[in-house]
Amino acid sequence: MNYFIETIGCQMNMCESDKLGLALSTYGASKVNILQEANIVILNTCSVRAQSEQKAFSFLGRAEEFKQDNPNTKIVVIGCMAERIGSKIKRRFKSVDLIVGSKDIDNAALKIADLCNLYDSSFNKIEDSQNIVRYVTIMRGCDNYCSYCVVPFVRGRETSLNALDILKESSLLVKNGVKEIMLLGQNVNSYRYKDFNFTSLVKNLATINGLERIRFMTNHPKDLSDELIEMMATESKVCSHIHLPMQSASNKILKAMNRKYSYEHYIDLVKKLRIAVPDISITTDIIVGFPGETKEDFEETFKAVKEIRFGGLYVFRYSPRPNTKAANMPDNVPLEEKKRRHRLILEESNKISIEIVASMVGSVQQVLAEKIENGVIEARTRGGRKVFVKGSSEKDLGRHLNVSIKEAKINSLFGNII
Ligand code: SAM
Ligand code: SF4
């Protein structure tokens with residue numbers, strides 16, 4: 001049996017798709033990269049914005065067409081949309097065979113195996129593939145109820161996973177060749193399991209021999225502690241990158257978003273982080289066109305983007321989501337104005353990114369080699385920038401390389417090993 005998996009949405013979804021893939025391998029199913037070669041077509045969905053849901057619908061349209069000519073194909077929908085509107089999906093796409101919502105995601109492999117008559121067999125137990133970088137989920141759900149966000153509704157209450165299990169899973173990954181672990185949670189700062197908080201969890205992970213780098217996301221500005229900032233400064237395995245979603249720089253909008261911090265607090269964190277970790281890259285998320293966002297509110301956000309000089313950012317046009325508090329607020333920024341604000345932030349951010357990468361040309365960067373394709377290594381700096389390295393070979397995979405940066409494009413750097 002061959003399975004094809006399409007993943008829409010965040011790193012957490014990617015992580016869940018990877019885990020599902022590994023579990024299906026133990027049932028003897030093989031991953032294919034072309035939908036037309038699959039017997040099982042899996043769609044992992046996202047509900048964060050209406051656009052992500054539209055993407056899922058159009059994928060399902062294509063999957064249904066394929067199934068008309070290949071009636072034995074099974075179509076499976078998992079994740080946030082499956083949780084939120086599973087029965088609607090089933091009504092609209094009659095050929096969908098199985099729906100598994102995000103709260104039941106741990107049972108997805110078993111349910112798919114049942115549906116497709118796959119049998120667990122020790123012959124099929126596979127070694128985890130030799131990935132250099134792997135995601136490890138440390139928390140599920142979210143209790144923050146930002147007024148625009150559907151996540152607490154589709155992923156449920158915030159729960160921290162067992163710290164000992166996380167340490168065990170990470171050690172196993174490292175034994176299988178993994179060098180970098182990215183810890184995932186909607187608000188990693190509020191991780192708490194018995195005596196562990198997030199900082200002590202990371203400190204314990206850092207003692208794993210052979211683990212070279214630790215990253216994490218997402219950090220919520222309201223909970224980012226001095227203890228964590230200090231740990232980032234002193235723990236050499238922790239990368240100098242933090243994703244710290246600002247969303248807006250207008251205190252009025254932050255309040256309406258229920259973010260529970262002010263712009264002054266946010267700026268204070270940026271300053272502390274930059275003092276503690278001078279080469280840190282701070283990246284962010286921004287929403288434009290939130291209900292009630294005036295031109296002046298937007299100007300404050302635009303000015304903040306200009307002044308803070310983020311290492312990178314994701315900007316989203318506000319999209320009303322069912323059940324959320326903001327869905328009852330008048331969505332009063334016209335679409336054309338949302339598009340304009342989105343474009344302005346993106347243009348400014350691209351300009352800053354180009355300046356940042358241009359200033360890295362001529363420098364030497366320590367990178368971790370993650371992949372190789374056609375003799376070119378794909379690696380990442382400690383700040384998270386992609387670097388393509390010539391003059392390297394397979395044996396360099398998983399190693400730290402010192403690379404002289406020769407050329408820069410907006411999202412990538414190019415260099416040679418020195
Ligand atoms: N937990 C993370 C945090 O608090 O920053 C973010 C998780 S959310 C899945 C990822 C990003 O999607 C958010 O930071 C926000 O910028 C964006 N987002 C969430 N809901 C949105 C909505 N209704 N419209 C537009 N963007 C949205
Ligand atoms: Fe959504 Fe806010 Fe939770 Fe992030 S912290 S997942 S934006 S509710």
Side-chain angles (χ1 to χ4, degrees), residues 7-16 44-55 79-81 83-84 102 135 137-160 182-191 198 216-224 242-250 253-261 265-266 269 282-293 298 301 304-305 310 312-329 331-333 335 338-339 341-342 345-346 349:
T7 306
I8 299 173
C10 63
Q11 277 84 352
M12 209 157 253
N13 273 11
M14 312 244 182
C15 179
E16 280 160 1
N44 192 355
T45 55
C46 168
S47 285
V48 167
R49 275 162 292 127
Q51 214 179 12
S52 329
E53 295 201 337
Q54 280 312 324
K55 230 166 143 178
C80 295
M81 266 175 92
E83 184 69 46
R84 196 178 85 73
S102 35
Y135 297 130
T137 301
I138 62 164
M139 304 170 79
R140 298 239 164 93
C142 182
D143 283 347
N144 286 308
Y145 290 93
C146 298
S147 63
Y148 50 80
C149 185
V150 78
V151 169
F153 301 95
V154 289
R155 289 197 174 254
R157 298 304 304 259
E158 180 183 284
T159 22
S160 296
M182 162 76 102
L183 303 172
L184 295 179
Q186 295 298 349
N187 178 7
V188 291
N189 308 96
S190 60
Y191 178 86
F198 183 60
F216 41 81
M217 70 187 297
T218 296
N219 294 85
H220 195 306
K222 80 179 165 64
D223 295 320
L224 180 60
I242 191 162
H243 188 68
L244 193 64
M246 179 175 82
Q247 312 299 0
S248 169
S250 151
I253 296 298
L254 285 172
K255 192 159 193 292
M257 286 178 166
N258 192 32
R259 288 292 285 177
K260 300 198 175 83
Y261 54 85
H265 176 73
Y266 189 88
L269 291 176
I282 303 175
T283 56
T284 203
D285 292 346
I286 284 175
I287 297 178
V288 293
F290 187 80
E293 186 188 66
F298 171 72
T301 305
V305 167
F310 291 105
L313 60 77
Y314 295 104
V315 53
F316 305 104
R317 295 197 306 255
Y318 169 70
S319 158
R321 307 308 296 135
N323 298 324
T324 60
K325 216 166 160 204
N328 296 323
M329 303 175 188
D331 183 13
N332 56 0
V333 180
L335 180 62
K338 280 186 189 164
K339 284 187 181 167
R341 293 179 191 180
H342 184 272
I345 297 277
L346 206 57
S349 157

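In listed order, ligands and their atoms are each counted from 1.
In this structure, H342 contributes its side chain and V315 its backbone to a donor-acceptor pair below 3.5 Å.
Atom 7 (S) of ligand 2 has its closest protein heavy atom at Y148 OH, 3.4 Å.
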For a distance cut-off of 3.5 Å, show me each N or O of ligand 1 paired with any protein N or O, plus the separation.
{"residue": "ligand 1", "atom": "1 (N)", "partner": "Q186", "partner atom": "O", "Å": "2.9"}
{"residue": "ligand 1", "atom": "1 (N)", "partner": "Q186", "partner atom": "OE1", "Å": "2.9"}
{"residue": "ligand 1", "atom": "4 (O)", "partner": "R259", "partner atom": "NH1", "Å": "3.1"}
{"residue": "ligand 1", "atom": "14 (O)", "partner": "Q247", "partner atom": "NE2", "Å": "2.7"}
{"residue": "ligand 1", "atom": "14 (O)", "partner": "D285", "partner atom": "OD2", "Å": "2.6"}
{"residue": "ligand 1", "atom": "16 (O)", "partner": "Q247", "partner atom": "OE1", "Å": "2.8"}
{"residue": "ligand 1", "atom": "23 (N)", "partner": "Y148", "partner atom": "O", "Å": "3.0"}
{"residue": "ligand 1", "atom": "23 (N)", "partner": "S319", "partner atom": "O", "Å": "2.8"}
{"residue": "ligand 1", "atom": "24 (N)", "partner": "S319", "partner atom": "N", "Å": "3.0"}

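Looking at heavy atoms from C-beta onward, T324 lies out of side-chain contact with Y148 at the 4.5 angstrom threshold. L313 has its side chain out of reach of M246: every pair of non-hydrogen atoms, C-beta onward, lies at least 4.5 Å apart.
Among residues at least two apart or in separate chains, salt bridge (charged side-chain N to carboxylate O under 4.0 Å, His left out) pairs with a member in residues 315-329 are E53-R321.
Using a 30° and 60° split on the angle between ring planes, Y261 and H265 fall in the tilted class, from 30° to 60°.
Summarising the local packing, OH of Y145 is surrounded by more than 12 heavy atoms from other residues, nucleotides or ligands at distances under 6.0 Å.
Heavy atoms only, all atoms of each residue included: S190 and D223 are closest at CB-OD2, 4.3 Å. The heavy-atom pair separating A249 from A304 by the smallest distance is CB-CB, 3.6 Å. Nearest approach of P221 to R259, heavy atoms of both residues: CD-NH2, 3.7 Å.
Taking distances strictly below 2.8 Å, the protein N/O/S atoms close to atom 2 (Fe) of ligand 2 are C146 SG.
For D285, the side chain to side chain donor-acceptor pair (under 3.5 Å) test picks out H243, with sequence neighbours left out.
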